[in-house]
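Quick notes on the structure that follows.
Just so it is clear: chains get the letters A, B, ... in the order the sequence lines come, proteins before strands, and each one is counted from 1. None of the values given here were measured: they were computed from a predicted structure.
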Amino acid sequence: MNRLFWLHDGCLRRPMDLRVGDRWVYIWDVGYIHQQAWSLKRQVFIYETLCDLAQQGCELYAADTVDGLADLLDEETELVTYAAQDPILQALISRVCLAWPNLRLQPIAGLLNLEQAPPLKRFFHYWKRVEKPLLGFE
Amino acid sequence: MLRLTTEFANRAALIEYVRQLSGAAMEPVSDIQGGLTQACQKCAALNPIAYQRDRNFFTGSVSVLSPYIRHGVILSKSLAEQLAERYPPSQRARWFLQHLIDGDIVCNNYSWQWVASTFSAKPYFFNLDNLRHYADGQLDCEHQSHRIFDASYDELSARLFPHLTDARGK
């Protein structure tokens with residue numbers, strides 16, 4: 001099954017595990033941009049990054065995100081994207097997920113994989129746990 | 001669906017294209033350019049020693065990597081790996097503490113608590129002397145509207161939070 005990687009503004013980079021037949025796209029969604037209230041400065045920064053990605057094969061479109069993805073997807077294609085922290089972006093991802101319940105949401109890559117650990121309440125506790133593996137003392 | 005243009009004669013043409021695309025008002029645009037190449041150049045130019053020394057000053061040696069990290073152009077993990085190749089652990093330690101971890105959205109559940117004064121019973125504020133110190137002569141710290149903050153921390157605390165009690169309720 002081929003895959004369509006939907007890049008959003010929290011993951012403006014080439015997917016690491018691209019295979020032959022995969023496509024990767026960014027959709028410039030003016031409604032979403034207005035919702036984010038991004039300055040022209042921010043928009044230019046993102047667009048310059050997109051031009052860089054386009055040179056590597058990323059496809060760039062202007063559309064409503066859900067409508068645009070509908071144009072690009074067929075039954076033989078899996079939709080993949082990345083989790084996000086930004087609440088407005090999370091809402092957009094939820095909207096996409098409503099349209100495509102099989103959307104594969106990949107986790108955000110942190111400095112270290114702490115998925116197995118319980119949440120830490122203080123930075124001090126976090127640092128105590130990560131200092132050795134992070135700085136290569138182990 | 002409209003396919004977007006990615007070839008421009010110059011940066012001014014790109015800016016105008018983006019402005020028309022989203023109907024944004026004309027406003028000054030940053031010199032910081034997007035893209036992985038730019039992010040890698042900034043990473044290569046980074047001097048952790050200078051960063052440690054004066055990053056909090058208005059004219060300090062900041063990394064300018066925040067927008068690249070925020071938008072996932074470069075992962076904090078990749079950044080850490082690049083730095084690991086260039087600096088020994090003793091030099092990296094403080095840099096990690098004060099920048100990477102703080103900028104890592106997966107790990108950072110702490111700063112907002114501090115700024116929102118919910119981290120402890122101690123409120124978060126600064127006085128005019130502190131602003132003078134870090135503004136490095138780049139801001140008008142002597143404007144009359146700032147005089148209200150021209151006091152010691154104890155004086156300001158008493159004035160701003162007259163009913164403040166410590167974490168034990170005293």
Side-chain angles (χ1 to χ4, degrees), chain A residues 7-14 26-30 33-34 38-56 58-63 67-68 71-72 82 84-86 107-114 119-124 126-127 130-131 134-137, chain B residues 1-8 11 14-15 17-19 21-39 67-68 70-81 84 88-90 92-93 96-97 100-111 113-114 119:
Chain A
L7 301 192
H8 52 61
D9 60 89
C11 57
L12 298 179
R13 61 183 176 276
R14 187 180 192 277
Y26 181 92
I27 298 177
W28 188 268
D29 183 337
V30 173
I33 288 169
H34 287 167
W38 281 337
S39 63
L40 179 62
K41 181 167 84 171
R42 171 88 65 130
Q43 292 177 44
V44 166
F45 177 86
I46 290 173
Y47 205 90
E48 284 174 332
T49 301
L50 294 175
C51 289
D52 201 25
L53 294 176
Q55 288 181 356
Q56 302 169 54
C58 183
E59 300 169 34
L60 311 182
Y61 300 98
D67 294 346
D71 280 357
L72 297 167
Y82 299 87
Q85 290 275 319
D86 182 301
I108 305 166
L111 278 171
L112 290 170
N113 183 4
L114 294 178
L120 301 166
K121 291 182 179 174
R122 292 284 185 272
F123 178 83
F124 168 77
Y126 172 79
W127 184 248
V130 303
E131 184 181 10
L134 195 57
L135 299 182
F137 291 146
Chain B
M1 186 161 51
L2 174 68
R3 189 88 188 237
L4 294 173
T5 302
T6 58
E7 299 288 337
F8 299 94
R11 195 171 190 232
L14 180 146
I15 292 168
Y17 181 77
V18 174
R19 196 184 71 77
L21 206 53
S22 58
M26 183 50 90
E27 57 182 284
V29 169
S30 171
D31 290 337
I32 302 171
Q33 291 186 31
L36 180 61
T37 309
Q38 295 285 329
Y68 302 95
R70 155 63 181 89
H71 289 294
V73 180
I74 190 164
L75 293 171
S76 50
K77 187 170 186 169
S78 315
L79 206 50
E81 285 164 0
S90 59
R92 294 203 312 268
F96 275 126
L97 257 173
L100 270 182
I101 294 289
D102 200 43
D104 187 7
I105 52 179
V106 178
C107 310
N108 190 350
N109 286 315
Y110 312 100
S111 290
Q113 294 173 327
W114 179 253
F119 185 74

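In terms of heavy atoms, A:A62 sits closest to B:L4 at CB-CD2, 3.7 Å. For A:G68 against A:A63, the heavy-atom pair with the smallest separation is CA-CB, 4.0 Å. For the pair B:A39 and B:V73, the tightest heavy-atom approach, listed with the atom from each and the gap, is CB-CG1, 4.5 Å.
For the options B:L2, B:V29, B:I15, heavy-atom pairs under 4.5 Å to chain A are most numerous at B:L2. Ranked by non-hydrogen atom pairs under 4.5 Å with chain B, the options A:D86, A:L50, A:V44 are led by A:V44. Counting heavy-atom pairs closer than 4.5 Å to chain B, the top residue among A:V30, A:I33, A:L40 is A:L40. Counting heavy-atom pairs closer than 4.5 Å to chain A, the top-ranked of the candidates B:L36, B:I32, B:L21, B:T5 is B:L21.
Using a 4.5 Å cut-off between heavy atoms, B:Y17 touches chain A through its side chain atoms alone. In this structure, no portion of A:R14 lies under 4.5 Å from any heavy atom of chain B. Within the 4.5 angstrom heavy-atom criterion, no atom of A:L53 approaches chain B.
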Steps toward side chain to side chain contact (heavy atoms under 4.5 Å, CB included) verdict (A:Q55, B:T6): CA-CA 8 Å; A:Q55 288 181 356; B:T6 58; over 6 Å; no
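Because its NZ or CZ atom is both nearer than 6.0 Å to the ring centre of A:Y82 and within 45° of the ring axis, A:R13 counts as a cation-pi partner of that residue.
Residue A:D71 qualifies as enclosed at atom CG: its count of foreign heavy atoms under 6.0 Å is above 12.
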